[in-house]
2 protein chains.
Amino acid sequence: MVKMSDVAKIANVSTATVSRVLRSPETVKENTRKKVLSVIEELNYQPNILARHFRRNETNTVLVIVPNIMNTVFSEIVGGIEQAASISGYKVLLRNTNRDVRNEYEAIDHLKQRQVDGMILLSERLEKQTILNISQQYPVVLASAYIEGLKVPTVSIDNISSSREATEHLIKLGHKRIAHICGSLFSLISRDRVKGFNQAIYQNEIQMESVLIQEGDFTFDSGYNQMLKFLALDVPPTAVFAANDEMAMGAIKAAKENGLRVPEDLAVVGFDNIKFSSIFEPALTTIAQPKYEMGKKAMELLLEQMKGVVHTKSQYVLDSKLIIRESCGAKMAELV
Amino acid sequence: MVKMSDVAKIANVSTATVSRVLRSPETVKENTRKKVLSVIEELNYQPNILARHFRRNETNTVLVIVPNIMNTVFSEIVGGIEQAASISGYKVLLRNTNRDVRNEYEAIDHLKQRQVDGMILLSERLEKQTILNISQQYPVVLASAYIEGLKVPTVSIDNISSSREATEHLIKLGHKRIAHICGSLFSLISRDRVKGFNQAIYQNEIQMESVLIQEGDFTFDSGYNQMLKFLALDVPPTAVFAANDEMAMGAIKAAKENGLRVPEDLAVVGFDNIKFSSIFEPALTTIAQPKYEMGKKAMELLLEQMKGVVHTKSQYVLDSKLIIRESCGAKMAELV
DNA sequence: ATGAAAGCGCTAACAG
DNA sequence: CTGTTAGCGCTTTCAT
């Protein structure tokens with residue numbers, strides 16, 4: 001392995017000069033720089049980055065903790081993170097936790113051991129106090145996930161308002177009996193989406209029964225199963241708002257299998273605007289989250305933090321948008 | 001930052017002993033070990049992993065180069081890689097290339113600079129010679145992607161045979177005019193899938209015209225567009241084999257929009273068995289690739305290579321399987 | 001079983 | 001603008 005001192009020797013300069021050529025070329029006289037560069041070329045020298053990391057005590061690497069990379073919502077966010085990172089010369093260390101909190105604690109050790117310069121957390125299993133502690137010592141950004149009352153930079157959408165908007169859309173279409181399939185209530189995101197749903201219901205004085213809110217777990221199957229429960233009611237709902245697109249699709253499948261037409265007999269709205277929501281039949285009406293941009297923004301905030309910028313603002317709320325397609329029946333309604 | 005020498009001082013031992021307690025505890029007398037461990041606990045000591053990496057010239061990190069992490073086929077493979085890696089105490093550095101070969105060359109520098117101990121390549125844009133060179137110097141495994149006649153450890157399925165099987169399935173169902181929407185022919189995977197398709201066609205003496213093979217690019221839209229071309233033929237095909245599920249779905253959409261029923265008027269088979277293929281209506285008949293297992297196996301091979309195991313075998317072919325659902329009409333056929 | 005000490009390759013403070 | 005030099009914190013060889 002050819003090293004810096006080899007280059008220095010052959011170029012007749014000191015290692016300091018070689019180092020300067022590499023890290024701040026403008027401080028070296030052009031002649032010297034050219035000479036050094038040509039020797040670097042000639043010897044095919046590659047700097048030992050591990051030595052640099054060690055010496056500088058930084059790695060140009062960020063840790064991204066994801067509950068499940070196979071979920072398209074997360075993989076899009078990660079796509080945005082990676083893009084922003086690589087533009088700035090940063091690398092992404094990916095850790096998939098499978099929602100196991102032990103894996104998250106393990107991952108945090110990477111920060112403590114300085115293997116990474118910062119961290120983006122797409123999950124919220126860790127205790128509030130732990131996250132707070134960590135974020136006071138190291139650059140940390142939360143994306144998509146967020147934690148109530150925590151002054152840690154967070155990039156997300158306004159889950160409450162978007163859910164309210166989705167629900168109000170169903171109300172405007174004339175529905176009087178609207179159900180909600182929420183995600184695991186362990187997660188604040190789910191609780192917020194329930195909150196937005198409830199706000200719309202109460203503000204519009206729509207009838208409500210607790211049986212009209214059922215808890216799923218963001219999977220297709222859970223949407224299917226919770227919908228079956230609604231269909232078994234004496235008076236089933238005429239509209240359902242599901243906390244994500246997969247559950248909305250599951251709910252539609254259950255409805256169809258029970259002879260209901262969507263949207264004619266049952267209106268459905270989802271959440272996330274995953275790629276397949278427009279391919280699905282009927283195409284899903286849903287709340288579009290800017291997943292890629294969320295990742296990008298989170299990485300940009302992290303970069304600033306790592307540069308030492310202190311943010312007074314800690315919540316960055318990106319725009320979400322109701323995408324009206326077929327599953328809610330709005331287009332049919334317009335025709336009337 | 002508390003360091004090893006601090007621990008050593010307080011525990012009244014040398015740094016060598018502390019290091020041994022950390023890396024090969026069995027070589028240290030139990031008493032000493034306990035004492036050191038308690039001091040480590042007490043001081044909340046975290047070893048500086050950068051120093052370790054530097055000193056040992058290894059990082060316990062592998063580089064994963066992905067064309068597009070937002071594509072579920074790749075994110076599942078990455079899921080398998082991450083799982084196998086973290087079990088063995090390895091970390092995953094993720095690089096998304098967006099299919100830009102410059103990004104791949106950049107990524108390779110990470111290997112040369114020893115920032116990672118090995119690499120898994122899910123893409124095949126690099127020149128054969130480059131990959132060969134790299135793989136002779138560093139541990140490298142190809143997954144999913146593969147390159148003809150290259151003796152680099154590769155984990156994949158048999159794309160030729162699976163495509164032949166998919167096509168033969170359509171032939172067995174009685175189809176005499178079968179079209180194929182292939183992926184970008186730049187990729188060997190696409191060319192192999194065409195090859196398998198052709199084998200089935202010729203072996204069964206089915207009529208063939210070159211217009212019955214159209215090139216898409218693995219996207220839903222390209223499937224849609226190529227299907228429109230088929231529909232415009234004087235004698236359109238009665239069956240289509242698409243080189244991935246997304247294009248199969250696009251093709252079905254085009255067919256439906258033109259008044260055809262699937263599978264009654266047009267049978268369709270896809271490839272990959274992505275999650276959504278069973279949700280789609282009609283549920284897609286497709287070739288199931290063991291994506292997660294592919295990633296896992298690739299990582300396991302890489303781990304062995306990094307340990308110095310030399311593999312005589314270089315091609316690891318995993319089982320793929322034809323999953324018969326609704327879009328091909330086989331179930332209807334059985335009823336007759 | 002433990003300690004002493006060299007040194008991995010680079011960076012940066014300081015001097016000139 | 002360039003050189004000298006002192007480490008960064010750990011691992012490992014060689015002694016004991």
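Each chain gets a letter, A, B and so on, in the order its sequence line appears, and its residues count up from 1.
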**Request:** Answer yes or no: is there an ion pair linking A/Lys34 with A/Glu30, defined by an N-O contact shorter than 4.0 Å?
**Result:**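 Counted as a salt bridge, because a side-chain N and a carboxylate O are separated by less than 4.0 Å.
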**Prompt:** Hey, does A/Asn12 reach any base, or is it just sugar-phosphate, or nothing, if we go heavy atoms under 4.0 Å?
**Reply:**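 Here A/Asn12 touches the backbone only, sparing every base.
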**Request:** Tell me what B/Val18 touches on the nucleic acid: a base, only sugar-phosphate, or nothing, going by heavy atoms under 4.0 Å.
**Result:**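 B/Val18: no heavy atom of the nucleic acid under 4.0 Å.
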Quick one: side chains of residues 136-144 of chain B, donor-acceptor pairs under 3.5 Å with protein atoms, not counting sequence neighbours, listed by atom name and distance.
none

**Asked** Does a side chain donor of either B/Asp117 or B/Thr59 reach within less than 3.5 Å of an acceptor in the other side chain?
**Response**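 Result is yes, a qualifying pair exists.
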**Asked** Can you list the residues that meet the side chain to side chain contact (heavy atoms under 4.5 Å, CB included) rule with B/Leu188, with sequence neighbours excluded?
**Response**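 Counting only residues at least two positions away or on another chain, B/Leu188 forms a side chain to side chain contact (heavy atoms under 4.5 Å, CB included) with B/Glu124, B/Tyr146, B/Glu148, B/Arg191, B/Asp192.
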**Item:** side-chain N/O A/Thr17 vs D/dG3 OP1/OP2, d < 4.0 Å
**Value:**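 For A/Thr17, the contact criterion (side-chain N or O under 4.0 Å from OP1 or OP2 of D/dG3) is met.
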**Item:** B/Arg56 side chain near D/dT12 phosphate (N/O to OP1/OP2, under 4.0 Å)
**Value:**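 For B/Arg56, the contact criterion (side-chain N or O under 4.0 Å from OP1 or OP2 of D/dT12) is met.
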**Prompt:** Can you give the first and last nucleotides of DNA chain C, 5' to 3', that have an atom under 4.0 Å from a heavy atom of chain B?
**Reply:**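 Contact boundaries, 5' end first: C/dA1 to C/dG9.
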**Helical bend (five base pairs per end, nearest 10°) for the helix from C/dA1-D/dT16 to C/dG16-D/dC1** =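 One end's axis against the other's: 30°.
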**Prompt:** Applying ring-ring contact (aromatic ring centres under 6.0 Å, His included), which residue pairs with at least one partner in residues 292-317 of chain B are found, sequence neighbours left out?
**Reply:**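 Listed by first then second residue: nothing to list.
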**Message:** According to ring-ring contact (aromatic ring centres under 6.0 Å, His included), does anything in residues 29-71 of chain A pair up with another residue at least two apart or in another chain? List the pairs.
**Reply:**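 Counting only pairs at least two positions apart or across chains, the ring-ring contact (aromatic ring centres under 6.0 Å, His included) contacts touching residues 29-71 of chain A are A/Phe54-B/Phe54.
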**Position toward the 5' end of DNA chain C (nearest nucleotide), A/Arg20 or A/Met1** =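 Going by which nucleotide is closer to the 5' end, it is A/Met1.
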